[in-house]
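A quick write-up on the structure given underneath.
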Amino acid sequence: MRHVIALDVGGTGMKAALAGPGGEVLHRARRATGRAQGPDAVVAGILDFAAELHAYGAEHIGTAASAAGVAVPGIVDEADGVAVYAANLGWRDVPLRELLAQRLGVPVALGHDVRTGGLAEGRVGAGRGADRFLFVALGTGIAGAIGVDGRVEAGAHGFAGEIGHIVVRPGGAPCPCGQHGCLERFASAAAVSDAWAAASGDPDADAADCAKAVDSGDPKARAVWQEAVDALADGLVTALTLLDPRTLIIGGGLAEAGETLFTPLREAIRGRITFQKQPTLVPAALGDSAGCLGAGLLAWDLLASTDRMEVTP
């Protein structure tokens, strides 16, 4: 069966699959990223893992993969196939697409992890059927993916969707990006964890604990939670004004709080919009498989493009 390699590289682990043309998963595998050994070891591990997946397909499926799609964190130049920078992996300017293509002997598509996950959510997940969507992941930081007619916009320089660095509290907490008051400093899962640890006096408390305390009626937790919701709504309304999406998909660790997050967030957005149209606000549907599924979609899109070029006279 014709299939592709789908590989999602994270800060601590890699998730992979061999995916058929209809999205069926023919094989799954996981491996540690091995970042403690340094960036060169991480790159070598990615190449070795991809090669093993390629060999597995040839042996167990009867044919080797036709292409590969790889999602990586950080700053990604998707057009040139370069992993420009990733703080959590320590690499800079890695020509990952070229390295993988040489190792595997097949075409390779390289994508940004959140945009790739957003592609999957938009096509086969919570945003299925929406012509315009915005996917926002609330994790350690906050990042987004702008979906237009079944594809995700990378931007002229690969920075499209960095909603976490919209300034929502001018002069507020400093951000590693160099600005002050960025959205992710107030509404990411990490920010809520820090705020709740301070408010509760428990250094081990995290965002999930805060959500549970909100549900139990703790006034301190409600204050921390509402501050995050208000900041998130401010950032999202700015994004809605610029992009006018039909569907707004919220994923990441903070979204696991369910309606504890979504009910006040819908109200906060509704209270801020004027002429804008409120989009349908939905939780992400694919969980931690989104990046891998999206990587497979990138590979199939690449093959479709290659096939069209081959038949064009």
Side-chain angles (χ1 to χ4, degrees), residues 1-35 37-74 76-84 86 89-91 93-113 115-117 119-120 123-124 152 286 288-311:
M1 175 186 287
R2 198 181 195 201
H3 64 276
V4 299
I5 295 169
L7 180 56
D8 179 20
V9 179
T12 57
M14 296 184 282
K15 296 182 286 291
L18 298 179
E24 59 272 33
V25 175
L26 308 176
H27 173 65
R28 294 183 189 272
R30 289 179 179 255
R31 176 175 292 184
T33 304
R35 62 179 178 176
Q37 283 72 50
D40 291 343
V42 170
V43 173
I46 293 170
L47 297 177
D48 290 345
F49 194 22
E52 290 176 16
L53 292 162
H54 194 256
Y56 183 96
E59 180 178 354
H60 296 277
I61 301 175
T63 182
S66 301
V70 183
V72 298
V76 182
D77 183 338
E78 296 173 358
D80 289 337
V82 176
V84 178
L89 296 178
W91 63 31
D93 299 320
V94 179
L96 199 53
R97 184 177 67 193
E98 179 182 355
L99 293 172
L100 282 162
Q102 290 176 349
R103 183 72 175 269
L104 302 176
V106 299
V108 176
L110 184 68
H112 178 272
D113 57 351
R115 288 196 293 268
T116 301
L119 175 67
R123 280 204 203 165
V124 300
V152 170
L286 302 177
D288 69 356
S289 66
C292 195
L293 290 170
L297 292 173
L298 289 179
W300 284 115
D301 286 353
L302 180 60
L303 280 177
S305 175
T306 303
D307 292 344
R308 286 195 298 270
M309 291 175 65
E310 290 177 351
V311 301

- line: Closest non-hydrogen atoms of D288 and D8, given as atom of the first, atom of the second and distance, are O-OD2, 4.4 Å
- request: Please tell me if the side chains of I46 and L7 come closer than 4.5 Å, counting only heavy atoms from C-beta onward.
  value: yes
Any donor-acceptor pair under 3.5 Å from E24 side chain to G22 backbone: yes
- request: Answer whether the closest heavy-atom distance between the side chains of V84 and V76 falls below 4.5 Å.
  value: no
message: Using modelled atom types and a 3.5 Å cut-off, is there a donor and acceptor pairing between side-chain atoms of H3 and backbone atoms of M1?
response: yes
query: So, D80 side chain and V82 main chain: donor-acceptor pair closer than 3.5 Å or not?
result: no
message: Quick one: does any side-chain atom of W300 pair with a main-chain N or O of G20 as donor and acceptor, under 3.5 Å?
response: yes
field: Nearest non-hydrogen partners of V9 and P73, listed with the distance
entry: O-CD, 3.2 Å
- request: Please confirm whether the backbone N or O of G74 pairs with a side-chain atom of H112, one donor and one acceptor, at under 3.5 Å?
  value: yes
- line: In short, H27 meets L53 closest at the heavy-atom pair CD2-CD2, 4.0 Å
task: List the steps and the verdict of side chain to side chain contact (heavy atoms under 4.5 Å, CB included) for K15 and R28.
output: CA-CA 8 Å; K15 296 182 286 291; R28 294 183 189 272; over 6 Å; no
Heavy-atom pair with the smallest gap, counting every atom of A120 and A290: CB-O, 3.4 Å
query: Quick one: does E78's side chain get under 4.5 Å of L298's, heavy atoms only?
result: no
- request: Might you point out which heavy atoms bring R97 and V108 nearest each other, and give the distance in Å?
  value: CD-O, 3.1 Å
Any donor-acceptor pair under 3.5 Å from T116 side chain to A71 backbone: no
query: Are the side chains of L104 and I5 in touch, meaning some heavy atoms are under 4.5 Å apart?
result: yes
- prompt: Can you list the steps and then say if L100 with L96 is a side chain to side chain contact (heavy atoms under 4.5 Å, CB included)?
  reply: CA-CA 6 Å; L100 282 162; L96 199 53; 4.0 Å; yes
field: Nearest heavy-atom neighbours spanning A6 and C292
entry: CB-O, 3.3 Å
query: What distance separates L119 CG from L297 CG, expressed to the nearest 0.5 Å?
result: 5.0 Å
- request: Can you spot which of V72, L99, V42 makes a side chain to side chain contact (heavy atoms under 4.5 Å, CB included) with V94?
  value: L99
Verdict with supporting geometry, H60 and L18, side chain to side chain contact (heavy atoms under 4.5 Å, CB included): CA-CA 11 Å; H60 296 277; L18 298 179; over 6 Å; no
